[in-house]
Amino acid sequence: MSQATALRAEEKGAQTERMLIILSKGSMDMVYPALMIATTAATMGKEVHMFFTFWGLQAVSKKSVGSLKVSPVGNPGMPMPNILGMIPGMTAMATKMMGGKIRKAKLPSIPDMFKMAKDLGVKLHACSTTMEVMGTPRESLIDEIDDVVGAATMVSLGEGGETIFI
Amino acid sequence: MSTTEQRKVIDSRGSFCPGPITDLFKAYRSSQLGDVIELLATDPAAKADVTAWTRKSGNELVSVVDEQGYTRITVKITKKR
């Protein structure tokens, strides 16, 4: 262990442990894991922040939060040949299939997961640049969003903790 | 030790991660020091997850009992933050 790591570990012990999850994807199979990690880490006493950037913003847009999809394209884990994913209707089919399995496992819906995350003290931050690029006004984001910030704030939120990029 | 300590049974059977942990945490939030929470779970990850949670939160894992088709995990609240 280098001196720097030892020092950082010492500092870490002094404060609440932090976790920053950067979500840059807006598909159901990316948003669920992010929310599962966030809610669980919060129950374990961590100060958890989620930063929504690029497609991740779709996860916190009122319009799309309840209808996120799973795409079989570029997803070798799906149980079908990749080329079939390009056929119209395949994304809807994959989404329906996964949605059914998720309900069977009694997993809350994504909007409900956000409510739960808020209740557990997870802080939700939207990326201002992405909002500008995508033409997303503040009003179109879900009420659970705490604030609109830039990368500098995000970097400082991750300081002294662990950062997960999805 | 007072006599006001409570025993709560939380049924998380059928729900998967993070269900059992968030159910346990909600019960923990409304509990007092000394209370005992029994968590019923079918998720095979619940044993390891609750163990990790108790270690992290400073609470006591009292017992893990395999019942017919589910697991009964008993936690004693020994630390409130």
Side-chain angles (χ1 to χ4, degrees), chain A residues 9 12-19 21 23 28-50 59 70 97-124 144 160-162 164 166, chain B residues 8-62 64 67 69-81:
Chain A
K12 229 172 134 181
Q15 64 189 54
T16 315
E17 289 172 62
R18 275 182 177 178
M19 182 182 273
I21 299 171
L23 183 69
M28 195 205 271
D29 51 337
M30 300 286 171
V31 181
Y32 261 119
L35 280 163
M36 287 166 171
I37 297 167
T39 50
T40 307
T43 69
M44 295 177 85
K46 284 187 193 265
E47 177 188 319
V48 186
H49 297 274
M50 294 181 87
V70 184
M97 246 170 60
M98 188 162 237
K101 286 181 181 179
I102 281 170
R103 273 189 298 279
K104 232 174 111 185
K106 285 200 199 172
L107 212 61
S109 68
I110 286 173
D112 285 348
M113 289 281 277
F114 274 119
K115 287 198 184 78
M116 190 196 282
K118 272 305 274 197
D119 179 50
L120 294 170
V122 175
K123 293 275 181 290
L124 309 177
E144 285 83 1
E162 48 200 319
I164 299 172
I166 299 177
Chain B
K8 288 181 219 172
V9 179
I10 308 297
D11 193 349
S12 294
R13 286 177 290 184
S15 106
F16 287 81
C17 168
I21 286 292
T22 45
D23 289 346
L24 170 65
F25 186 73
K26 279 175 195 160
Y28 160 77
R29 251 194 330 203
S30 63
S31 66
Q32 308 281 327
L33 276 177
D35 284 1
V36 171
I37 301 169
E38 272 182 28
L39 181 75
L40 314 183
T42 45
D43 181 359
K47 287 182 206 179
D49 278 11
V50 174
T51 306
W53 183 84
T54 51
R55 201 180 302 133
K56 188 84 195 155
S57 64
N59 289 287
E60 189 190 326
L61 182 70
V62 179
V64 178
E67 306 274 2
Y70 67 96
T71 313
R72 180 186 299 272
I73 306 167
T74 309
V75 173
K76 185 169 182 178
I77 305 306
T78 50
K79 192 174 175 189
K80 293 282 287 183
R81 66 177 151 97

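Throughout, protein chains are lettered first and strands after them, A, B, ... in sequence-line order, and every chain is numbered starting at 1.
The stretch residues 31-50 of chain B participates, sequence neighbours left out, in no ring pair (Phe, Tyr, Trp, His ring centres under 6.0 Å) pair at all. For residues 100-122 of chain A, the set of pairs meeting the ring pair (Phe, Tyr, Trp, His ring centres under 6.0 Å) definition, not counting sequence neighbours, comprises A:F52-A:F114.
Considering all non-hydrogen atoms of both residues, B:A52 and A:M44 come closest at O-CE, 3.6 Å.
Distance check: A:M116 CE to B:F25 CZ gives 11.5 Å after rounding to the nearest 0.5 Å.
With a threshold of 4.5 angstrom between heavy atoms, A:I37 does not approach chain B through any atom at all.
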Give every donor-acceptor pair between chain B and chain A closer than 3.5 Å, one pair per line, or write none.
from	atom 1	to	atom 2	distance (Å)
B:R13	O	A:K106	NZ	3.2
B:F16	N	A:A105	O	3.4
B:R29	NH1	A:D119	O	3.0
B:R29	NH2	A:D119	OD2	2.7
B:W53	NE1	A:T43	O	2.8
B:K56	NZ	A:E17	OE1	3.3
B:K56	NZ	A:E17	OE2	2.8

